[in-house]
Amino acid sequence: MAKFILGKFIYLVAVYAMASGALFLAMKAIPEDPIALKFEKFPDPEQIALEREQMGLNRSWAYQYGLFHRKFLTGDWERSLQTGRLAMDDVKLFFPATVELSLVAMFVGVLFGSSAALFARISQRRWSQSLAMSIGTIGLTVPIFWIGLLALVVGSLWLGLFPLGGRFDLAAIPPPDRTGFLLVDSLLAMNGRDLGMTIRYLTLPALCLAVFPAANVSSVLYARLNEPQVNALYTALKARGFGPLRIVFRHLLRVAGAPVITVIGTSFGALLGGAFLTETVFSWPGIGRYVLTAIIDRDLFVAQYLLLMLIMLVFGVAFLSDVIARWLDVIGESQEGGKG
């Protein structure tokens with residue numbers, strides 16, 4: 001187990017080195033001067049020269065690359081051209097919205113995807129098996145922005161049940177900010193109106209974003225439950241008189257648990273780091289939309305740090321899920337050895 005964790009950690013360090021190097025070289029490949037872009041509204045040659053000197057852009061590339069690492073690791077991410085605030089302050093402001101959306105979407109996706117796969121395995125009906133396979137196909141092939149636009153047309157324009165975008169009604173006073181999560185803050189404030197409003201704004205983007213984890217979990221779990229070894233175990237336990245629910249939930253899920261946890265971890269990391277389109281379609285004030293706006297507005301230094309953060313976040317969550325999955329495998333092997 002320790003060797004496995006060490007290997008994964010070395011891999012994570014290698015990913016950081018490659019990602020940071022690629023982003024640094026991409027910044028250097030931009031033909032325009034990022035400092036000149038920063039002061040393009042009020043160009044002042046002296047101010048530009050002073051800024052370049054303070055940021056070390058007149059020094060060697062090796063020095064600049066080392067400075068980039070130091071600023072990233074210490075959180076000194078410059079000041080955003082969009083908001084005028086420090087980029088780290090903006091991350092603290094916008095990141096909780098992305099985490100809340102991703103957690104709700106992950107919960108809905110895992111619940112729906114695992115339910116479809118388990119029901120297909122227990123019922124053995126053709127339509128339930130087709131449903132489990134269709135979820136995986138649709139979720140992994142249909143573009144996420146198309147699903148979001150369709151959800152807006154149906155849920156907002158046709159039915160009028162949900163707002164067109166945003167996180168909370170701009171004309172209303174949100175609950176006191178205690179955790180950064182509006183659902184939790186509404187519950188802590190015991191305010192049913194705020195809770196209902198938060199759920200209305202959260203429903204469509206969460207359902208849209210839940211399609212991806214639902215597809216991953218359904219396809220992996222269904223395939224795992226229908227492997228020959230698992231089918232043999234299912235047949236043996238059924239011959240001993242165990243019911244289908246007991247077989248699946250007490251025995252088969254232990255066998256299929258490790259790969260599913262890995263899929264959940266990688267999917268959650270992807271949601272945290274790749275919710276750009278969903279947050280843009282639904283005007284969700286999260287970190288993905290903030291990064292996309294930074295790129296469009298050519299806020300290059302901030303975009304560089306944020307992209308590296310999101311890349312490491314995706315691989316970091318995948319690292320934790322792999323460790324948990326490996327730990328479950330080790331426990332399962334030790335239990336089987338003890339029984340033997």
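Only heavy atoms go into these numbers, but all of them, side chains included; no hydrogens, no water, no symmetry mates.
- Using a 4.5 Å heavy-atom cutoff, the side chains of R167 and T198 are not in contact.
- Taking a 6.0 Å sphere around CG of L159, one finds it holds more than 12 heavy atoms contributed by other residues, nucleotides or ligands.
- Atom CG of L187 sits about 9.5 Å away from atom OG1 of T179, to the nearest 0.5 Å.
- Residue L73 places its CG atom among more than 12 non-hydrogen atoms of other residues, nucleotides or ligands, all under 6.0 Å distant.
- Checked by atom type, the side-chain pair N191/S186 shows no donor-acceptor distance below 3.5 Å.
- Two residues are said to be in side-chain contact when any heavy atoms from C-beta on lie closer than 4.5 Å; Y11 and F319 fail this criterion.
- Just one residue in the list L306, V302, L86 forms a side-chain contact (heavy atoms from CB on, under 4.5 Å) with W77, and that residue is L306.
- Residues M106 and L271 have side chains in contact (heavy-atom distance under 4.5 Å, counting atoms from C-beta outward).
- Taking CZ from R289 and OG1 from T278, the interatomic distance works out to 13.0 Å, rounded to the nearest 0.5 Å.
- When all heavy atoms of G166 and P285 are compared, the closest pair comes out as C-CD, 4.5 Å.
- If you take CG on L209 and CG on L277, they are separated by 10.0 Å, rounding to the nearest 0.5 Å.
- Looking at heavy atoms from C-beta onward, D89 lies out of side-chain contact with L93 at the 4.5 angstrom threshold.
- Note on L202: it clusters hydrophobically with L188, by side-chain heavy-atom contacts below 4.5 Å among ILVMFWY residues.
- With 3.5 Å as the limit, one finds no donor-acceptor pair spanning the side chains of T98 and Y290.
- With sequence neighbours excluded, no residue satisfies salt bridge (Lys or Arg N to Asp or Glu O under 4.0 Å) with E279.
- Rounded to the nearest 0.5 angstrom, W146 CH2 and C208 SG are separated by 11.0 Å.
- For the pair F72/S20, no side-chain contact is recorded, criterion being any heavy-atom separation below 4.5 Å from C-beta on.
- Both W158 and F282 belong to a single network of hydrophobic side chains, linked directly or stepwise wherever heavy atoms of I, L, V, M, F, W or Y lie under 4.5 Å apart.
- Between Y305 and F68, a ring centre-to-centre spacing shorter than 6.0 Å is recorded.
- In the hydrophobic cluster analysis, where Ile, Leu, Val, Met, Phe, Trp and Tyr join through side-chain heavy atoms closer than 4.5 angstrom, L157 is grouped together with V154.
- Among all heavy-atom pairs drawn from P213 and A105, the shortest one is CG-O, 4.0 Å.
- By the rule that hydrophobic residues join a cluster once side-chain heavy atoms approach within less than 4.5 Å of another member, L310 and I296 end up as members of one cluster.
- Within a 6.0 Å radius of CZ in R240, other residues, nucleotides and ligands contribute 12 heavy atoms or fewer.
- The environment of F112 atom CZ is sparse: at most 12 non-hydrogen atoms of other residues, nucleotides or ligands sit within 6.0 angstrom.
- In this structure, CG in L101 is found 5.5 Å from CH2 in W284, a value given to the nearest 0.5 Å.
- The minimum heavy-atom distance between I287 and M309, with the atom names listed, is CG1-CE, 4.2 Å.
- F95 has its side chain within reach of L313: a pair of non-hydrogen atoms, C-beta onward, lies under 4.5 Å apart.
- Aromatic pair H69/F24: centroids not less than 6.0 angstrom apart.
- Put simply, the side chain of D185 does not reach to within 4.5 Å of the side chain of P174, judged on heavy atoms.
- Residues W61 and K28 are in side-chain contact: their nearest non-hydrogen atoms beyond the backbone lie under 4.5 Å apart.
- In the hydrophobic clustering (ILVMFWY side chains linked at under 4.5 Å, chained through shared members), Y201 is joined by F168, L182, M197.
- From Y65, atom OH reaches atom CG of L25 across 8.0 Å, with rounding to the nearest 0.5 Å.
- In this structure, the side chain of S218 does not engage the main chain of A215 through any donor-acceptor pair within 3.5 Å.
- Side-chain heavy atoms closer than 4.5 Å link hydrophobic residues (I, L, V, M, F, W, Y) into clusters, and following such links, even through other members, never connects M27 to L67.
- No option in N216, V317, V110, V217 other than N216 meets the side-chain contact (heavy atoms from CB on, under 4.5 Å) test with S267.
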